[in-house]
Amino acid sequence: MRRTRRRLRCMVAAAAALAAGLGGMTTTAQAAADETRVASSLPLPPELESIRAAEAVKLYGSPAERPPAERKTGLISLGDSEISGEGVGTYEPGTNGPDNWCHRSPDAAIHRTGIAADVTYNVSCSGAYTGNIRIGGSKQYADELVQSDNLAIKARNTRIKMVLLVAGANDDLQFGPVMTDCVTRYVLIQGPCEPKYAPGWQARVDGLVPKVEQTVRDLRTVMHDAGYADGDYKLVVMGYPSPIGPDFRDNPGFPGKLICGGMGYDSDTVWGRNTAVPAFERGMRRVAQSTGAVYLDNSRLFHGHEVCMEDTWARGLYIDLSNPFPPDSNSVRQSFHPNVRGHAAFASCLTQLYNSGLREASCADAASSGKPALYAGAWDDAYRPLRNEATGSCVDVAGAVSRNGTGVAGWDCHGGRNQGWWYDEARRSLHTELTQDRCLDVPGGSYTAGTAAIVWNCHGGANQQFVRTGGTVRPASATGLCLTVAAAWDAVRLQPCTGGPNQRFG
């Protein structure tokens, strides 16, 4: 009991401190063009030129700026804690305190992609906002460069193939302080934080979008000044996946929130997954569309792998007890960030995106296999309602609850996430928009008339495979049965196919 009380006191102190935490050119003609291009790059200020020359010596043995065809290839990530490696637990020397808390990890995503490159650079920093990245911005720590200056140096010493930007959450969104407040309110039994933040959340997103847009434009300018044309590299904008959701009790080994670090009200986890993170992701999509950047929608990437789930890709509330007691912001800053498996998932998505040539794509573990897959377009465009022709009602996950076993029924159409469905043609599964990890399911594989459909953890089994024919939805293992809505507000059930309008969905 004494140990539990001390842990709870530690949780309270930790929660109060959490805010501060939170294509190669190979032909002779192309080589000649490279020679011309590097000659036209703008000179760096003396301080940056000195750093560039020193880095060139380490790369090539001499300080000269080489033409692109003679350079090593490189990848680089810029931004905040989500991409720096915060939460992994192992960090590069000099970035784990006491005077620099960038928490750059050797296991960060940029170092783990399958994109062919000679060198990879991670210049992102935990806690960074757009002012630490933009041209003329401010240094985050005394021994840190403004991130755009770091890009300017790397772009002259190597041939950069991809620039990855993850930023904005530390601007108007203030993601860290919001998470802090939500955890603190839970630990101190002060009530959910959603009512406090939900009314102004979209305004926060609207406020940060122009700042990230200008940041992207600044990075383009840096690359132009270094002699690059826009087509010489990919500039990728990525947002945040939802690190925590409400379905952890479906984990058969759920140890309790205190143990796995899922400290928060269930209603707040629903709001975060269904509203807060998607709003931020839509903001990042706007940024990419307005600036011509490549967009990766990773908002659903951790669905099924959230904090307290079986195979979590994110760290829950974590207290570094090696720091002095009581915990300060540096003791808990690793909380609610991607762990090493989360960064592996990022890396897989980035690799698939780079190789796809797509300008906009989404990534998720739709098959619950532990391996993310890339899909063309953004998730917001993938989901559609299933509107019944006879009743005019939409197939609805009851109460917008995504727990295993929740029933589905025809209900008045309202456009909510519990009425959106995505059909994975490759796996023939129907996923609810609430979470990528819950699929329409025939319970127990009971292909008999009257069986009511439910949602269940996606597993790819036969009872989660459906075919769509002539407007009907049929179990792949029993195509003589159709999903049927007998009347508005009735459960969706299997019935022998008749071709009637109550079995057709638009």
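Reckoned from all heavy atoms, side chains included, excluding hydrogens, waters and symmetry mates. Residues: numbered from 1 along the sequence shown.
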How about [X] and [Y]: do any of their side-chain heavy atoms sit closer than 4.5 Å?
X      : Y      : value
Thr391 : Asn502 : no
Pro243 : Glu306 : no
Asp441 : His459 : yes
Thr130 : Gln214 : no
Glu281 : Asn298 : yes
Trp411 : Asn418 : no
Val123 : Ile76  : yes
Lys196 : Asp181 : yes

Does one side chain, of [X] or [Y], offer a donor that lies under 3.5 Å from an acceptor on the other?
X      : Y      : answer
His224 : Asp230 : yes
Asn150 : Tyr121 : no
Asp412 : Ser393 : no
Ser267 : Glu194 : no
Arg185 : Gln190 : no
Gln334 : His103 : no
Asp143 : Asn100 : yes
Arg333 : Ser81  : no
Thr291 : Glu213 : no
Gln174 : Asn170 : no

Nearest-0.5 Å distance, [atom1] of residue [X] to [atom2] of residue [Y]:
X      : Y      : atom1 : atom2 : answer
Phe248 : Phe254 : CZ    : CZ    : 5.0 Å
Glu360 : Asp297 : CD    : CG    : 8.0 Å
Arg315 : Ile244 : CZ    : CD1   : 15.0 Å

Between [X] (side chain) and [Y] (backbone), is there a donor-acceptor pair under 3.5 Å?
X      : Y      : answer
Ser356 : Leu353 : yes
Arg204 : Leu173 : yes
Asn132 : Ser138 : yes
Arg300 : Ala366 : no
Arg504 : Ala390 : no

- Kindly determine whether Asn463 and Trp456 satisfy side-chain hydrogen bond (donor to acceptor under 3.5 Å, both in side chains), including the steps that lead there. CA-CA 10 Å; Asn463 63 322; Trp456 196 268; over 6 Å; no
Basic-acidic side-chain contact under 4.0 Å: [X], [Y]:
X      : Y      : answer
Lys211 : Asp172 : yes
Asp381 : Arg285 : yes
Asp311 : Arg341 : yes
Glu86  : Arg104 : no
Lys257 : Asp266 : yes
Arg403 : Asp250 : yes
Glu433 : Arg384 : no
Lys371 : Asp365 : no
Asp268 : Arg273 : no

- Query: Given the rule in the side chain to side chain contact (heavy atoms under 4.5 Å, CB included) test, do Leu434 and Arg438 qualify, once you have shown the distances and angles that lead to the verdict?
  - Reply: CA-CA 8 Å; Leu434 292 170; Arg438 292 292 182 271; over 6 Å; no
- Leu151, Asp218, Thr215, Val146 screened by side chain to side chain contact (heavy atoms under 4.5 Å, CB included) with Ile133, the one that passes: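 Among the candidates, only Thr215 passes.
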Is the centre of the [X] ring less than 6.0 Å from the centre of the [Y] ring?
X      : Y      : answer
Tyr375 : Trp422 : yes
Phe280 : Phe175 : no
Phe346 : Phe302 : yes

- Item | Arg387 atom CZ, neighbour heavy-atom count above 12 within 6.0 Å |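 Result for CZ/Arg387: open.
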- Derivation of the side-chain hydrogen bond (donor to acceptor under 3.5 Å, both in side chains) call for Tyr240 and Asp80: CA-CA 11 Å; Tyr240 279 30; Asp80 56 31; 2.9 Å; yes
- For side-chain hydrogen bond (donor to acceptor under 3.5 Å, both in side chains), just list the numbers for Gln503 and Thr484, CA-CA rounded to whole Å, side-chain angles, deciding distance to a tenth of an Å, and then say yes or no. CA-CA 5 Å; Gln503 294 181 340; Thr484 305; 3.1 Å; yes
- Task: Any chance you could lay out the side-chain hydrogen bond (donor to acceptor under 3.5 Å, both in side chains) test for Asn122 and Ser77, step after step, and finish with the verdict?
- Result: CA-CA 5 Å; Asn122 179 10; Ser77 60; 3.3 Å; yes
- Query: Would Leu219 and Leu165 satisfy side chain to side chain contact (heavy atoms under 4.5 Å, CB included), going step by step from the backbone distance to the final call?
  - Reply: CA-CA 9 Å; Leu219 298 185; Leu165 176 67; 4.2 Å; yes
- Task: Quick one: do Cys102 and Tyr141 satisfy side chain to side chain contact (heavy atoms under 4.5 Å, CB included)? Show the steps, please.
- Result: CA-CA 9 Å; Cys102 282; Tyr141 297 104; 3.9 Å; yes
- Can you list the steps and then say if His431 with Asp424 is a side chain to side chain contact (heavy atoms under 4.5 Å, CB included)? CA-CA 8 Å; His431 299 250; Asp424 185 343; 4.1 Å; yes
